[in-house]
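See below for the structure under consideration.
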Amino acid sequence: MAVELSKGTRKRLQVLFHGEDLELASDLLESDCADNLPLWDDASPTGLERIRYAALKLSDGDLGKLDEAVRLSLTDWRDTLVIAEFGDDPSIHLQWMPASHNPE
């Protein structure tokens, strides 16, 4: 089931994605990075921020990379956190904000 995005997730999405890509990225996170993550117990908008921010960080504003990060999270979200360097501290993701991203 889809889980809406938190304000923080939306803010980061808007930095990384624009136009149609913004809508597609938002839909991907809401539907595929939601209450379907194995062994994740807080499927609320803020409860999913850590994994969603990690997926966004790994995407670097590319929809294909975001899809890969979400698919990895569906297999084992801990790998996504470690690769994004959010694995050691449960609140470090709150400090991450992507740099402004200009689409080509």
Side-chain angles (χ1 to χ4, degrees):
M1 183 189 316
V3 176
E4 68 183 55
L5 303 177
S6 69
K7 287 181 183 181
T9 303
R10 287 194 183 282
K11 185 175 182 180
R12 286 156 178 81
L13 261 172
Q14 292 170 347
V15 172
L16 290 168
F17 294 95
H18 306 279
E20 185 179 316
D21 285 353
L22 175 59
E23 186 176 333
L24 293 170
S26 177
D27 290 346
L28 178 64
L29 290 178
E30 285 182 341
S31 63
D32 293 352
C33 191
D35 68 347
N36 56 342
L37 296 172
L39 304 175
W40 188 256
D41 61 353
D42 187 0
S44 68
T46 55
L48 289 164
E49 280 184 342
R50 188 173 176 208
I51 296 171
R52 287 174 167 175
Y53 287 15
L56 286 169
K57 183 178 180 184
L58 296 178
S59 80
D60 195 30
D62 180 278
L63 270 177
K65 290 180 183 179
L66 179 61
D67 186 62
E68 288 176 21
V70 169
R71 300 289 155 237
L72 176 61
S73 297
L74 289 168
T75 301
D76 193 334
W77 48 264
R78 296 169 297 183
D79 290 338
T80 307
L81 295 178
V82 168
I83 295 167
E85 300 178 346
F86 294 164
D88 292 334
D89 180 343
S91 63
I92 193 76
H93 67 285
L94 297 172
Q95 298 174 25
W96 175 76
M97 179 60 74
S100 184
H101 186 272
N102 296 319
E104 295 178 46

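Residues satisfying the salt bridge (charged side-chain N to carboxylate O under 4.0 Å, His left out) test with D79, not counting sequence neighbours, are none.
Listed here is the closest heavy atom pair of W77 and P38: NE1-O, 2.6 Å. Residues A69 and T80 come closest through the heavy atom pair O-OG1, 3.6 Å. Residue P98 comes nearest to R12 through the heavy atom pair CD-CG, 3.7 Å, listed as atom of the first residue, atom of the second, then distance. In terms of heavy-atom proximity, S6 sits nearest to E49 at OG-OE2, 2.6 Å. Residues G64 and D62 come closest through the heavy atom pair N-OD1, 2.9 Å.
Looking at L56 and L29, their side chains come closer than 4.5 Å, going by heavy atoms from C-beta outward. Residues D32 and R71 are in side-chain contact: their nearest non-hydrogen atoms beyond the backbone lie under 4.5 Å apart. You'll find the side chain of L37 reaches within 4.5 Å of the side chain of L48, heavy atoms only. Side-chain atoms of V3 and S44, non-hydrogen and from C-beta on, never get closer than 4.5 Å to each other.
A donor-acceptor distance shorter than 3.5 angstrom exists from the side chain of D35 to the backbone of M1, with no hydrogens or angles considered. At distances below 3.5 Å, at least one donor-acceptor pair connects side-chain atoms of R50 with backbone N or O atoms of F86. With hydrogens and angles ignored, the 3.5 Å screen pairs no side-chain donor or acceptor of S26 with any backbone N or O of L22. Looking at N36, its side chain does come within 3.5 Å of a backbone N or O of A34 through a donor-acceptor pair.
Within the hydrophobic cluster formed by Ile, Leu, Val, Met, Phe, Trp and Tyr side chains joined at under 4.5 Å, directly or through other members, L72 is accompanied by L58, I83.
A salt bridge links E30 with R10: the distance from a Lys NZ or Arg NE/NH1/NH2 to an Asp or Glu carboxylate oxygen falls below 4.0 Å.
Using cut-offs of 30° and 60° on the angle between ring planes, the pair Y53 and W96 is tilted.
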